[in-house]
Amino acid sequence: MTAPNSETPSPVAPAGDFIRAAVTEDLKSGRFDHVHTRFPPEPNAYLHIGHAKAIWIDYGVARDFNGLFNLRFDDTNPTKEEQEYVDAIIEDVKWVGGKFDDRIFYASDYFDRMYEWAEMLISKGVAYVCDQTADQVSAGRGSLTHPGTVSPFRNRTVEENLDLFRRMKAGEFPDGSRTLRAKIDMASPNLNMRDPVMYRILHAPHHRQGDKWAIYPMYDWAHGLEDSLEGITHSLCSLEYENHRPLYDWFLDQLGIYHPRQIEFARLNMTYTVMSKRRLIDLVKSGAVRGFDDPRLPTLAGLRRRGYTPEAIHDFCDRIGIAKADSTVDVALLEHCLRETLNKIAPRVMGVLRPLKVIIDNYPEGQTEELDAVNNPEDPAAGSRKVPFSRELYIEREDFMETPAPKYFRLSVGREVRFRYAYFLKCVGFTKDPATGEVTELHCTYDPATRGGDAPDGRKVKATIHWVSAPHSLAAECRLYDHLFTKPDPDDVPEGQDFTANLNPNSLQTLSACRVEPSLAAAKPGERFQFERLGYFCVDPDTSAGRLVFNRAVTLKDEWAKIQKKG
RNA sequence: UGGGGAUUAGUGUAACGGUAGCACAACUGACUCUGGAUCAGUUCGUCGGGGUUCGAAUCCCUGAUCCCCAGCCA
């Protein structure tokens, strides 16, 4: 058998969404014979979960059709862009699973070719140098309901345009003094077609090109050329570019060069957070959060620090779907995806957030024993570990109630509960700080016959609680996070206020007196654990020798919390 | 009073003239050495009004509402 490739069937359409359906159709009709997509961020901000959605669409479409995927920096505006962002974006795209291999490109590398093409359009008589000021251009554009007026410079000769444009490039003119414009239609109902600016004069050093250029291309002019040069088949972007598609097509058609297809989809919005670059920057600059990797932010750096895995984000992106209607996804879905992912892989461990000392009156002083604890009930291969037990323990303050509420199954005087993997313990008394009324110490007795957690007489307990051995436990700081905003829609504010009025003052709670089991001594930043009954925690980079810091990524579902809420 | 998009349970998304489905959320219950996980179940929907058709979320007409566009930003 020879030439097996001639028999290779075109990939079967995973037509799950309208984009894949369109791509399938293009392959079928012969408009394209392969698929090549790209993710084109401007390096002027950190990526967020909305970008993850875009990446997962761009990359996912290429993957599903056995195509290729490029990472391309749309670095056409040197006044806003920085290398720092380039580096951060590369890391984030890789982390979130967009596989671009070595296909990392920069729009700025195409500036020479773009320039040549611009001269071509000038020669063709469909582009001209305009001497109007920014204000004049703006005024001449007309309004949504009224046509624009033609620029007095619109009918310069090709020679004059060429000369002026070359001198613009040579840096002879000051910023803002002239532009190169496409000659299209000042009366078009689509304002983007009213002689859009192709180049502006900017005497600004570019982070990659240095001082080479005094003129820089505008998005509309540049983007289609970038796609064309890279052989992109499907240029996927968000809805606001729908109005720009006629212009995207116009430039490519005027040039007569390879013509990709632009398809738009709705960007991601999520409850209880904000997604715009400007707002994210505001939050960081104002100190509302600690940086772009603050675990409360929807940035990929923030989610990563919080404890999110790429798999959880993939799952999320797969579930939210792709459509053209503006929508706001419930952040609870993202959290659900994280729980589901971490439930399968996170080792279980015991940690106490708000410690309450327990003394076992009938347990021999100075004795220690090692008890077996399962590492992950969802994964037998994860094995087990030894956990030390002794006369003095710490339990969660909220696992004891002086006067137990209805449906409260945990400890109170006279009640017996199971200490996970250890013994049945019965509370026999407690001490209180007379000044504050705070419970300071619990006294319990244990039943030696229940070692391991089961009673030979078959008696049951209604609750199992977690604990750590006081002398063996490690000190830790835990950072508990809540939504950054108190309302699903941060813009839901009284007249005259902005979204910052809805900032949640309790979005971060730092608990610095936590105690965790000794097996955590060697935990490394980025490692994730389930603290039994509490949630999933991720070791923070602030961790240093002798100082463990954890971020709570997400809580476990909490039936008791619901009961309490209902009153 | 311009142009371009959109509208299906609380939220997100399927159904492409033939039983409106799935997921999250919410609520029941079972089970449980995590009030976790798991399992079983319940509640809840086609923007309005006409029309075509045996049959309409889907086609036609007509309204309504929402989003985007007047950067030398992307």
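Chain A is the first sequence line, chain B the second, and so forth, proteins listed ahead of strands; every chain is numbered from 1.
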Self-check item: A:F419/A:Y446 aromatic ring centres below 6.0 Å
Solution: no

Quiz item: For A:G176, does its backbone N or O pair with a side-chain atom of A:R200 as donor and acceptor, under 3.5 Å?
Solution: no

Quiz item: Taking the inter-plane angle between the rings of A:F111 and A:Y216 on a 0 to 90° scale, is it parallel (under 30°), tilted (30 to 60°) or perpendicular (over 60°)?
Solution: perpendicular

Quiz item: How would RNA chain B look in dot-bracket form, 5' to 3', counting Watson-Crick and G-U wobble pairs with both distances under 3.5 Å and writing | for bases paired to another strand?
Solution: .((((((..((((....[..)))).(((((.......)))))....(((((..]....))))))))))).....

Pairs: protein N or O with nucleotides 5-7 of chain B N or O, under 3.5 Å:
| unit_1 | atom_1 | unit_2 | atom_2 | d |
| --- | --- | --- | --- | --- |
| B:G5 | O2' | A:E242 | OE1 | 3.3 |

Quiz item: Between atom CZ in A:R418 and atom P in B:U34, what is the gap in whole Å?
Solution: 7 Å

Quiz item: Can you find a side-chain donor-acceptor pair between A:S108 and A:D75 that sits under 3.5 Å?
Solution: yes

Quiz prompt | Integer-rounded Å distance: B:G3 C1' and A:D185 CG | solution = 12 Å

Quiz item: Do the two ring centres, one from A:H223 and one from A:Y219, sit under 6.0 Å apart?
Solution: yes

Quiz item: Is the shortest distance from a Lys or Arg side-chain nitrogen in A:D282 or A:R279 to a carboxylate oxygen in the other one below 4.0 Å?
Solution: no

Show the distances under 3.5 angstrom between N or O atoms of the protein and N or O atoms of nucleotides 21-24 of chain B.
| unit_1 | atom_1 | unit_2 | atom_2 | d |
| --- | --- | --- | --- | --- |
| B:A23 | O2' | A:R319 | NH1 | 2.9 |

Quiz item: Within the structure shown, what part of the strands sits under 4.0 Å from A:R339 by heavy-atom distance: base, sugar-phosphate, or nothing?
Solution: nothing

Quiz item: How would you list, by chain and number, every residue that makes a ring pair (Phe, Tyr, Trp, His ring centres under 6.0 Å) with A:H51, sequence neighbours excluded?
Solution: A:H48

Quiz prompt | C1' gap between B:C61 and B:G71, integer Å | solution = 40 Å

Self-check item: Given B:G36, B:U34, B:G12, the nucleotide with the shortest approach to the side chain of A:Q530
Solution: B:U34

Quiz item: For atom P, what is the distance between B:A14 and B:G49, given to the nearest Å?
Solution: 25 Å

Quiz item: What distance, rounded to whole Å, do you find between the two C1' atoms, one in B:U43 and one in B:A9?
Solution: 10 Å

Quiz item: Just checking A:P377: base, sugar-phosphate only, or nothing, at a heavy-atom cut-off of under 4.0 Å?
Solution: base

Practice problem: Could you run through nucleotides 69-74 of chain B and give me one letter per nucleotide, 5' to 3': B if any protein heavy atom sits under 4.0 Å from the base, S if only the sugar-phosphate is that close, - if neither? | Solution: BBSBBB

Exercise. Indicate the ring-plane relationship of A:Y106 and A:F73, choosing parallel, tilted or perpendicular according to the 30° and 60° boundaries.
Key: parallel

Practice problem: Would you mind classifying the nucleic acid contact of A:Y216 as base, sugar-phosphate or nothing, using non-hydrogen atoms under 4.0 angstrom? | Solution: nothing

Quiz item: Does A:R515 use its side chain to pair, donor to acceptor, with the backbone of A:W467 at less than 3.5 Å?
Solution: no

Quiz prompt | Member of A:R154, A:R141, A:R181 meeting the side-chain hydrogen bond (donor to acceptor under 3.5 Å, both in side chains) criterion with A:D195 | solution = A:R154

Self-check item: B:U8 versus B:C44 - spacing of their C1' atoms, nearest Å
Solution: 13 Å

Exercise. Please state the C1' separation for the pair B:A26 and B:C16 - nearest whole angstrom.
Key: 32 Å

Quiz prompt | Inter-nucleotide P distance (B:C47, B:A57), Å rounded | solution = 10 Å

Quiz item: Are any of the side-chain nitrogens in A:E311 or A:K344 under 4.0 Å away from the carboxylate oxygens of its partner?
Solution: no

Self-check item: Near-ring test A:F531/A:F550, centroid separation under 6.0 angstrom
Solution: yes

Quiz item: Do any N or O atoms from the side chain of A:R415 and from the backbone of A:R410 form a donor-acceptor pair under 3.5 angstrom?
Solution: yes

Practice problem: Look at all strands and tell whether A:I465 reaches a base, only sugar-phosphate, or nothing, counting heavy atoms closer than 4.0 Å. | Solution: nothing

Practice problem: Find the distance A:F529:CZ to B:G36:P and express it as a whole number of Å. | Solution: 23 Å

Quiz item: Between A:R533 (CZ) and B:A37 (C1'), how many Å, whole number?
Solution: 15 Å

Self-check item: Polar side-chain atom of A:E517 near backbone of A:G351 as donor-acceptor pair, under 3.5 Å
Solution: no

Quiz item: With sugar-phosphate meaning primed atoms plus P, OP1 and OP2, does A:L556 contact a base, only sugar-phosphate, or nothing at under 4.0 Å between heavy atoms?
Solution: base

Quiz prompt | Spacing between A:H466 atom NE2 and B:G35 atom C1', to the nearest angstrom | solution = 13 Å

Quiz item: Atom NZ of A:K462 to atom P of B:C31: distance rounded to whole Å?
Solution: 12 Å

Self-check item: Separation of B:U11 C1' from A:Y272 OH (nearest whole Å)
Solution: 12 Å

Quiz item: If we take the P atom in both B:G45 and B:G36, what is their distance in whole Å?
Solution: 29 Å

Quiz item: At under 4.0 Å between heavy atoms, what does A:R194 touch on the DNA or RNA strands: base, sugar-phosphate, or nothing?
Solution: nothing

For residues 320-330 of chain A, run the donor-acceptor check on the side chains, cut-off 3.5 Å, and write out each pair with its distance to 0.1 Å, sequence neighbours left out.
| unit_1 | atom_1 | unit_2 | atom_2 | d |
| --- | --- | --- | --- | --- |
| A:K324 | NZ | A:E242 | OE2 | 2.3 |
| A:D330 | OD1 | A:A332 | N | 2.9 |

Quiz item: How is A:K53 classified with respect to the nucleic acid when contacts are heavy atoms under 4.0 Å: base, sugar-phosphate, or nothing?
Solution: nothing

Quiz item: So what does A:Y423 touch, heavy atoms closer than 4.0 Å: a base, only the sugar-phosphate, or nothing?
Solution: nothing

Practice problem: For B:G10 and B:G5, measure between their P atoms and round to the nearest Å. | Solution: 29 Å

Quiz item: Taking the nucleotide of RNA chain B with the closest heavy atom to each, which residue, A:R420 or A:T145, is nearer the 5' end?
Solution: A:T145

Quiz item: Under the criterion side-chain hydrogen bond (donor to acceptor under 3.5 Å, both in side chains), which of A:Q262, A:R261, A:R38 is the partner of A:S235?
Solution: A:R38

Exercise. Would you kindly give the CD-to-C1' distance between A:E559 and B:C27, to the nearest whole Å?
Key: 10 Å

Quiz item: Where does B:G48 fall, syn or anti, if syn means a chi angle no more than 90° from 0?
Solution: anti

